[in-house]
Each structure stands twice: as structure tokens, then as C-alpha cells.
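The analysis underlying the following values was restricted to heavy atoms, covering all of them including side chains, and did not include hydrogens, waters or symmetry mates. Reminder, nothing fancy here: chain letters follow the sequence lines and each chain counts from 1.
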There are 2 protein chains.
Amino acid sequence: MPGRQGANRVTLREVADHAKVSVATVSRVLAGNYPVAAETRRRVEQSIQALDYVANVHARALAGVAPRTVAFVLPDVRAPAFAHAAQGVEEASAEHGALCLICTTQGDPERERAVFQLLREQRASAVILIGGVIDDAEYRARIIDLAQGSRLVLCGRPPVGQVPAVEYANEAGAHAVTQHLLSAGHQRILFLGGPLSGPATTTVADRLAGYRRALGHPGWTQPAEFTRESGYQQLCARLPEDFTAVFAATDLVAAGARAALRAHGLRVPEDVSLVGYDDLALAEDLNLTTVRVPYEELGRAAVHLALSGGTEHEILETSVVVRGSVAPF
Amino acid sequence: MPGRQGANRVTLREVADHAKVSVATVSRVLAGNYPVAAETRRRVEQSIQALDYVANVHARALAGVAPRTVAFVLPDVRAPAFAHAAQGVEEASAEHGALCLICTTQGDPERERAVFQLLREQRASAVILIGGVIDDAEYRARIIDLAQGSRLVLCGRPPVGQVPAVEYANEAGAHAVTQHLLSAGHQRILFLGGPLSGPATTTVADRLAGYRRALGHPGWTQPAEFTRESGYQQLCARLPEDFTAVFAATDLVAAGARAALRAHGLRVPEDVSLVGYDDLALAEDLNLTTVRVPYEELGRAAVHLALSGGTEHEILETSVVVRGSVAPF
DNA sequence: CTGTTAGCGCGTTCAC
DNA sequence: GTGAACGCGCTAACAG
């Protein structure tokens, strides 16, 4: 192992001195984009090794050679769906030789602003935004505003003005599972999910829209937050009633719904059929028929879009994963 | 909204000109650590607004004011345990006003090296490392090597040489659940988990050690990777046998074990008791008695340790969470 | 209180 | 092929 310098403050200058050449020469062998005598190059490389020289990105960036950096901004890494998207972003960034920053905001617009400020200071090449949102005028204005600073790409949300986005076929997926339920003979299907009060996020709104389009009428809905707990309580509040199937807006909600059904002595799928959305790992545990959302692909696509500079509106496909939570009625 | 500049290349100089002051003055109102006439400050602030000026971290860093950056290096963000730790790291970093970088390595030492190189170039204030490892000489050498570049803190692993670490009472937790099983009258307890071949990671090794210490003898073990699938298959391979309880090395493994038990017509806990480790969300779904590991705290503690520059070896507590998967025997 | 100026570490013309 | 010198945007003395 070469002699290490601890705090590692070795500069180009020192390497140059050590190798008895000028800084320009060292810079050249480092960049490798300019002819350097073999012997000289060897000597320089040795010095670099010996001193354990590590280039300083800051100096480099200032001199015009900025490393690519893509930032992924999300409410919370612990949410499986977001974690999967993050994985996709990470992988795609690495493939592009870009460093990946992951920043969480806890859904707080204030923190989101702070994070963006930080990212602008960092001169991030691109920032990708994910997380449920209510698509109102205030929100759209905020996005337009944020987009000024750096290249912005929306993920799992509709595009806003000139700000590009990569989405998944959310409404279509909801339509498909509902259709699946309908084909099995179900007629009274309860949609479980949505805000307990106030406007819905685009995510729920689209799923609800797909459900309604398949049904051909407004159907029946029971609000519930995107948590297991809420799914449990909100369905209990609705039980007993005469629906034969439940469409939970999320796998997590479905997990809660399933528990609620059981608590009321109802079996899945014998007594009540149940479907979810997202296809998280727990859907398999629960043997839950659900809609698969390609979260990792979503992240990857966002990175490509961000780095390619495109402005198209990409929409990834969703598909229903049939397991054992639906029985014919 | 102020007039935005798109690519945002406004410099201090321009702001100074706009406000008819010197760059030093602008720098001062920005830093706020030096007296500036109220009127002047107001004018400068207006110019900053008008031009939508955003400081350049790189220039700043080069001039000596480096922003704190803590990097969290992990195998995979999708693993719930790691995601929770990441959340802790993120929050603690934010509290310290530090930017948080999250980098994944897929457990590939090569990628790990590349990431470290990148982080050194970034002049990261600290890097925190998490993920299962086999504690051999090669590994220890690698850590020592990596630690040269920047401030390193190990997370959920034992310290190596001068490299500090924050762990959780892994062995003690395993001892405690085993004791819990013993108290319920169980004697033949199977430990499910561990490498199918080769040496174990410190994580399993410690859990196994706790199990054995409680038992007072080597006990019975069946290898299994840390996945639901492996838990299922490896337990099936062992069934039927006459143990009355299973200690799964991980909640995920426990989920698989539970499915295997069911597939063989065995009920939990009536026929066989089952415990896991980690206390992930799914443990609650499964009504699984398990050991709670404070992953978020682990992440937070690592950040504090990293930023405080301490070198202590911190060990967080674990506790057994009693749910309904254990019955007296 | 405010302006001038010298670096921070590196890439990049230019001359040699 | 190689070296000297300027500038990237900003902070921190140092003078006024």
C-alpha cells in the first residue's frame, strides 16, 4: 500500500514537484486527452500513487469540468415504492457515471425548498422529484418556480408546463384490475382509499378514475390514507355492507383491509375478493392480486430523460398480477 | 417572482455591480458574519433577489468554506432495515446542516471502491458504511485502507482498528428472545439462518452466538439466506422434525418459515412457536414476536459520531417485542 | 463600515 | 512534448 497522507490534502502542485514536472503535465496525464511522453507519464503516475493524490472536484468544477450529479428528492426513503424508484435512479446514474444524491423532504414544502436551494448551489445536473401531490394551481406554480434553477424531471406525476415527467399507466392499471373483478362476476366493488377530507393526490384520483371508467358509474368509495392502519380502520367503519369485492388503492391499504375483513369473520377470497395496487413484496406474502407498477424502471427512465435533456412525456406500462385474492362471484 | 436567469450563471461580481458595491460587501451580507450598513444590505439583498443569485458551492469550497457532506454507503436501499438506517442518517445530517449522499454498492467490493474514490474527490466530511460483512483479515485490511481517505464510521458492524463503529446489542437480543422461548417451556429450538456454505457474516454469527449462550449448548441450526424464499425452502428441507420452536435470523426469514410451517399443516403458535429479528413492518402483519433493532437510531448515532469526530464504540440497545407467535410448551 | 487583492486547486490557452 | 500564466467564483485578510 502506498504511503497515505491521512487528511489527504495533496495537490496537483505537489505531485508535479514530486515528479519534477509542471502541473500542466500532471493535469494532462490525469485527463489523458493529450500526448505525454511515455517515460514522463510513468513518472507522474508513480508520484500520484506514492502521494495518494486525489483530485479535488471543487477545483475541477470551478475550472469548468463539472462532474454529473443527479439528485433524487422524495418524501421518505422508507416507503417501499420510493425505495425501489431510488434504486432505479441510483443504478441509472451510476451507469451514466453520475453521482447520485438522495434527499428526503418528509413531504414538507418548506424542506423541499431548502433542499432545492442546496441542490442549486451544488450545481446538480438534474433533480428528479417523486411523491404524491395535489395537482392545483399553487403546486404547478411551485414546480415551475423550482424548475428554473436546474433541470427538473417529475416522476410518477403528470408534467407541468415545460417540466418533463415520466409516469406509469396509473388509470389504465386501475381500469384493468377493476375489469378483472368485473369479469369474475363482481358488481358491488368498494374502492378503499382517498383523502379523508380535501382534494385527492393525482395518484388516487387516477386510480379512482380508472375504477369508475371500468364500472361505468361512480361506484362506492370509502376514504383511507395510504397506510395499513388506515386501511384497517376505514374498512371496519364500512363493515358490514353488501359489497363482494374491495379495491384497495394500495397494497398497504389492502393489508389493512384484509385484517379488517378477517376481524369480521370474512374470508378472502371466499367471502370477499380483494385487490391492491403497487405489487410490493407484501403483496406476495398476502397472496394478493394487484397491479404491478415498475418503480425501478420509473427511476431509471427519469434519469435518462433528465440526462438526455429530452422533454417528452413518457408513460410506463402497468399490469395486473393475478394471485389468489379474487374468487368468482 | 423575480426575473429568473434559466441556466443560472449569475456570479457574485454581477450582484455587486448591480448593487453598486464591491464583491466583499455582497459576500458579507451573504455570510452575515460582519457588520454591513442596513441600507447597503437592503440594496444587496434586492439585487440578489432580482438576479436570482445562487452561491456556487464549488467556489466556496475552494475558498475554504466547505459545506458538510455525509455519505451513507449501503448495499441496497430496498432492504427495509437499510432504508430505516438511511432515514436516520438523512435526518441527523439535515439537523447538522449537512447534505446527505446515499450511494449503493450492491455488495460489490469493486463498486464500493469506486464509490469511495468518488467520495474522496468530493471531499466528503464523513462516510458511513453499513451492510453485512464477513469479518476476516482481508476485510479488515480493506476497511483500514478505505478509512485513510476520509472520516469513516462503521454501522452495525464491529469497529476495525481505529475506525469507530456504532452497533446494536445483537448478541444480547438473540440471547433475550431465545431466553423468551426457553421461559415458555421450549427446549428444542431450531435456529434458521446462516450461510449455506462458507463463513458467516458478523450479523448472523452474533445472533447465533446469543442463541447458543442462552441454550448453553450448540443447539440445532439450519442455514438460510436472509430472504423469505430461502426461509421457506430451508425450513421445508428440515421438516418434519421434532423442534417446538423456530428462531429465524430475520423477520424476512421468519415470514418464509411461517409459510413453510403452514404448508406442512403446522399452526403458529399452537404447533410451533416462531420468533424473528429486526422488527420490520411485516413483523406486525405477521403478529410475530421479534427483536427490535433501532435502525434509525443507528443511522443517527453514526452521523453524530462521524461529525463529532469521536472514536468511541457505541452500542445501542435491542429489545424483544412480544406479539403472538410464541405459545407455552 | 467598505473596497482591493491575494489565493483556494485545477484546466487551458499560449509560447517555447 | 512541456512549462508559464491566466481565470473559474468566492472568502478572508488587509487597507482605507
Side-chain angles (χ1 to χ4, degrees), chain A residues 5 7-45 47-48 51-68 117-118 120-124 149-150, chain B residues 5 7-45 47-48 51-69 117-118 120-125 149-150:
Chain A
Q5 309 297 309
N8 186 230
R9 299 207 155 291
V10 188
T11 77
L12 240 202
R13 164 93 265 147
E14 303 182 57
V15 175
D17 290 349
H18 183 105
K20 313 255 185 254
V21 294
S22 73
V23 289
T25 301
V26 180
S27 179
R28 281 169 192 139
V29 337
L30 244 31
N33 53 8
Y34 210 83
V36 172
E39 166 54 17
T40 310
R41 143 168 288 115
R42 211 185 47 70
R43 228 175 44 242
V44 171
E45 281 169 346
S47 297
I48 290 177
L51 269 43
D52 190 35
Y53 168 77
V54 176
N56 182 327
V57 256
H58 296 129
R60 209 168 233 174
L62 208 53
V65 184
R68 289 186 160 298
Q117 178 67 14
L118 227 54
R120 292 184 68 184
E121 293 181 2
Q122 296 283 329
R123 298 296 190 266
S150 43
Chain B
Q5 308 297 308
N8 186 228
R9 300 207 154 294
V10 189
T11 76
L12 237 203
R13 165 92 264 149
E14 303 182 57
V15 175
D17 290 349
H18 183 105
K20 314 254 185 253
V21 295
S22 73
V23 289
T25 303
V26 180
S27 179
R28 281 170 192 137
V29 339
L30 245 30
N33 53 6
Y34 210 83
V36 172
E39 165 54 15
T40 309
R41 143 169 289 118
R42 211 183 47 69
R43 226 173 47 239
V44 171
E45 281 169 345
S47 297
I48 290 177
L51 269 41
D52 191 34
Y53 168 78
V54 176
N56 183 328
V57 256
H58 296 127
R60 208 169 236 171
L62 207 53
V65 183
R68 289 184 161 297
T69 308
Q117 178 66 14
L118 228 54
R120 292 185 67 185
E121 292 183 3
Q122 296 283 331
R123 298 295 189 267
S125 323
S150 42

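- Between A/Val54 and B/Arg123, the closest side-chain pair of non-hydrogen atoms falls below 4.5 Å.
- Going from atom CZ of A/Arg28 over to atom P of D/dG1 covers 12 Å, rounded to whole Å.
- With respect to B/Arg42 and B/Glu45, no salt bridge is recorded, no charged nitrogen being found less than 4.0 Å from a carboxylate O.
- Within the 4.0 angstrom heavy-atom criterion, only backbone atoms of the sugar-phosphate kind lie near A/Val21; the bases stay farther away.
- B/Thr40 has no side-chain polar atom (N or O) that falls below the 4.0 Å cut-off from OP1 or OP2 of C/dC1.
- Side-chain contact between A/Ser22 and A/Thr25: present, with at least one pair of heavy atoms (C-beta onward) separated by less than 4.5 Å.
- Taking 4.5 Å as the limit, some side-chain heavy atom of A/Asp52 sits within range of a side-chain heavy atom of B/Arg120.
- Smallest separation of non-hydrogen atoms from A/Val23 and A/Ala16: N-CB, 3.7 Å.
- Rounded to an integer number of Å, the gap from CZ of B/Arg41 to P of C/dG3 is 14 Å.
- In this entry the distance linking CG of A/Asn33 with C1' of C/dT13 reads 13 Å, nearest Å.
- Between B/Ser27 and D/dT11 there is a side-chain N or O to OP1 or OP2 distance below 4.0 Å.
- Counting heavy atoms from C-beta outward, B/Ile48 and B/Leu30 have side chains that approach closer than 4.5 Å.
- Comparing A/Ala37 and A/Val23 against DNA chain D, the residue whose closest nucleotide sits nearer the 5' end is A/Ala37.
- One can place CZ of A/Arg42 at 17 Å from C1' of D/dG1, the figure rounded to the nearest angstrom.
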Considering only nitrogen or oxygen atoms on both sides, find all protein atoms under 3.5 Å from nucleotides 6-9 of chain C and state each distance.
from  : atom 1 : to      : atom 2 : distance (Å)
C/dC8 : O2     : B/Leu62 : O      : 3.0
C/dC8 : O2     : B/Ala63 : N      : 3.3
C/dG9 : N2     : A/Ala59 : O      : 3.3

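- Across D/dA4, C/dT4, D/dT2, the shortest atom-to-atom separation from the side chain of A/Ala24 is found for D/dA4.
- Mapping A/Pro35 and B/Tyr34 onto DNA chain D via the closest heavy atom, the residue that lands nearer the 5' end is A/Pro35.
- Side-chain contact check for A/Glu14 versus A/His18: every heavy-atom pair is 4.5 Å or farther apart.
- The distance from atom CD of A/Gln122 to atom P of D/dG9 is 17 Å, rounded to the nearest whole Å.
- Backbone-only engagement by B/Thr25 is indicated by non-hydrogen atom pairs under 4.0 Å involving sugar-phosphate atoms exclusively.
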